[in-house]
Structure formats: C-alpha cells, structure tokens
Amino acid sequence: MSRLLVLSTSTRTVSNGRHFARWIAGAARAHGAFDVEFADLGTLALPLLDEPEFASTGIYAHQHTRDWSALAGAADAFVFVMPMYNGGFTAPLKNALDHLYQEWQGKPVGLVSYSAGDSGGAGAAEMLLPVLDRLGLRPATRRPAVPAIHSLVDGGRFTPSEGLDVELAGLFDELAKLTVDERLA
C-alpha cells in the first residue's frame with residue numbers, strides 16, 4: 001500500500017489548521033487507499049535553511065534535515081494542509097520544501113487550503129504551484145479550499161462543512177491514481 005504523508009504546514013502555536021489537518025489524516029485513513037502518516041511543521045521546527053550544500057546533492061549536514069528527509073523520502077504522496085497568510089503560502093512551508101530535493105521528485109501532492117476569510121486560501125495553493133513544479137512534485141488538480149476555518153473548529157474538534165468529505169475522497173482517489181501512475185512510469 002502507498003504511503004501518504006499529511007503535513008500540517010502552520011507553525012503557529014495556536015492553529016485551527018492543525019485540528020483540520022488531523023481530521024484530514026483520519027479521513028485519508030478511512031478512505032483506505034494509503035498507509036497514512038501525519039506530521040506537523042510546528043513540531044518539526046526546521047530552522048531557516050541552514051545546509052551548506054545544495055539540497056539537490058542530498059548531502060545533509062544537520063540531523064533535522066536528515067530526519068525531515070527520511071520522513072518525506074518514505075512517502076509516496078503528500079497532502080499539504082496549508083493556511084493562507086496575507087494572500088500567499090507560508091514561509092515555513094517554502095522553507096520545508098527548500099530543505100529537500102530528491103525526496104520530492106515525481107511524487108504526487110494534494111493541496112488543501114484554508115483561511116479565516118471567504119477564499120478558503122485558494123490563492124495560496126495557486127501561488128505554490130510553480131514552486132511544486134520546479135521541485136518535480138505532481139500536484140493533483142483537485143484543491144479543496146475551506147473558508148472561515150475558525151467557525152469549523154470548536155474545542156479542538158474540527159467539524160467539516162457539507163460536501164468536504166466528498167471533495168477529499170475525490171482528492172484521495174486522484175492521489176492514489178497518480179501514485180500508481182508514478183510506479184508504472
């Protein structure tokens with residue numbers, strides 16, 4: 001079975017997105033197409049890129065990068081659960097992407113965005129696409145966007161809006177197909 005890494009990309013100490021990302025990991029497990037692992041950029045606590053070599057060399061001097069490499073490298077596909085801040089994706093997500101290179105090559109990635117406002121963070125997901133392309137990741141075409149995230153989290157529990165489970169199932173189906181396609185290539 002393929003391995004899916006669901007990554008919460010907010011590093012804020014108090015983040016509604018973390019509860020949302022855990023819910024997505026549970027939905028991915030229930031979907032059944034993947035062995036699912038959850039990771040949190042806030043817990044990984046990667047410093048600003050501090051490696052002396054280019055990521056494309058795969059030579060990592062620091063244990064935090066070797067650990068991140070092992071986690072990302074073991075995944076066959078990813079779901080980045082990402083907030084939108086000031087119209088864009090977060091610096092910690094870009095930093096986490098920049099730490100690695102070979103680990104991303106050819107792997108499918110799903111983007112699930114959220115925001116406090118009405119856009120659901122769709123603009124942040126759109127803005128990230130050229131970076132993912134440059135890194136050799138293969139973005140899924142389905143990109144669920146969840147507006148008003150604060151209204152869906154109460155006491156640490158995420159309650160999905162109507163239809164979100166169907167959108168996510170479609171994303172997981174697409175990622176599963178892309179993962180199989182990559183293995184056949």
Side-chain angles (χ1 to χ4, degrees), residues 1-11 17 21 24-25 27-29 31-84 88-113 121-145 168 170-185:
M1 187 174 290
S2 298
R3 294 180 63 172
L4 176 70
L5 177 62
V6 175
L7 183 65
S8 175
T9 68
S10 175
T11 58
I24 289 173
R29 285 183 190 98
H31 181 270
F34 300 97
D35 284 328
V36 179
E37 185 161 0
F38 175 82
D40 181 346
L41 280 184
T43 303
L44 291 173
L46 292 169
L48 284 177
L49 185 57
D50 61 349
E51 288 292 334
E53 300 289 335
F54 292 114
S56 60
T57 68
I59 300 170
Y60 304 129
H62 301 292
Q63 189 62 46
H64 54 259
T65 308
R66 290 192 294 271
D67 292 345
W68 175 223
S69 171
L71 183 63
D76 298 303
F78 306 94
V79 171
F80 297 158
V81 183
M82 53 184 292
M84 181 173 76
F89 58 89
T90 65
L93 174 55
K94 179 68 164 74
N95 184 55
L97 289 166
D98 288 346
H99 265 80
L100 308 176
Y101 185 76
Q102 297 299 332
E103 297 83 352
W104 305 125
Q105 297 303 296
K107 294 181 182 178
V109 59
L111 303 177
V112 180
S113 61
E126 190 70 27
M127 186 183 283
L128 186 59
L129 293 176
V131 174
L132 301 177
D133 183 56
R134 182 73 176 205
L135 289 170
L137 283 155
R138 297 171 42 226
T141 58
R142 294 175 185 263
R143 292 186 199 100
L168 283 175
L171 173 62
F172 299 144
D173 288 344
E174 185 178 355
L175 288 173
K177 182 181 182 323
L178 289 170
T179 303
V180 168
D181 290 349
E182 174 60 25
R183 287 184 176 175
L184 296 176

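Checked against salt bridge (Lys or Arg N to Asp or Glu O under 4.0 Å), Asp98 has the following partners two or more places apart in sequence or in another chain: Lys94. Thr90 meets the side-chain hydrogen bond (donor to acceptor under 3.5 Å, both in side chains) test with no other residue; sequence neighbours excluded.
Contact annotation: the side chain of Thr11 never approaches that of Leu93 to less than 4.5 Å [non-hydrogen atoms, C-beta and beyond]. Between Phe78 and Leu137 the shortest side-chain heavy-atom distance falls below 4.5 Å. A 4.5 Å side-chain heavy-atom check between Phe172 and Ile24 finds at least one atom pair inside the cut-off. Using a 4.5 Å heavy-atom cutoff, the side chains of Val109 and Phe80 are in contact. Under the 4.5 Å side-chain criterion, counting only non-hydrogen atoms from C-beta, Phe54 is not in contact with Tyr101.
Separating the NE2 atom in His31 from the CG atom in Leu168 is a distance of 9.5 Å, to the nearest 0.5 Å. Of the inter-residue distances, the one linking Arg3 atom CZ with Thr179 atom OG1 reads 13.0 Å to the nearest 0.5 angstrom. Taking CG of Asp35 as the start and OG of Ser2 as the end, the distance is 8.5 Å to the nearest 0.5 Å. The distance from atom OH of Tyr60 to atom CG of Leu100, rounded to the nearest 0.5 Å, is 4.5 Å. Taken from CG in Leu7 to CZ in Phe38, the straight-line distance is 8.0 Å, to the nearest 0.5 Å. Within the model, atoms CG of Asp76 and CG of Leu178 stand 12.5 Å from one another, a figure rounded to the nearest 0.5 Å.
Residues Ala21 and Val6 share a closest heavy-atom pair of O-CG1, 3.7 Å. Between Pro108 and Leu175, the shortest heavy-atom contact is CB-CD2, 3.8 Å. Here the closest heavy-atom approach between residue Ala72 and residue Lys107 is recorded as O-NZ, 3.2 Å. Closest non-hydrogen pair, His99 versus Leu48, comes out as CE1-C, 4.3 Å. Scanning all heavy atoms of the two residues, the minimum distance from Phe34 to Ala176 falls at CZ-N, 3.4 Å.
For the side chain to side chain contact (heavy atoms under 4.5 Å, CB included) with Arg143, the lone residue among Leu128, Leu171, Leu129 that qualifies is Leu129.
Applying the side-chain hydrogen bond (donor to acceptor under 3.5 Å, both in side chains) definition to pairs two or more places apart or across chains, those involving residues 66-75 are Gln63-Arg66, Gln63-Asp67, Ser69-Glu103.
Of the possible donor and acceptor atoms, one in the side chain of Gln105 sits under 3.5 Å from a partner among the backbone N and O of Leu135. Side-chain atoms of Glu174 come within 3.5 Å of backbone N or O of Arg142 as a donor-acceptor pair. The backbone N or O of Pro47 sits less than 3.5 Å from a side-chain atom of Asn95, completing a donor-acceptor pair. At least one donor-acceptor pair closer than 3.5 Å links the side chain of Glu51 to the backbone N or O of Ala61. A distance-only check finds no donor-acceptor pair linking the side chain of Ser113 to the backbone of Pro83 [under 3.5 Å].
In this pair, His64 and His62 present their aromatic rings parallel. The plane angle is below 30°, not in the 30 to 60° band.
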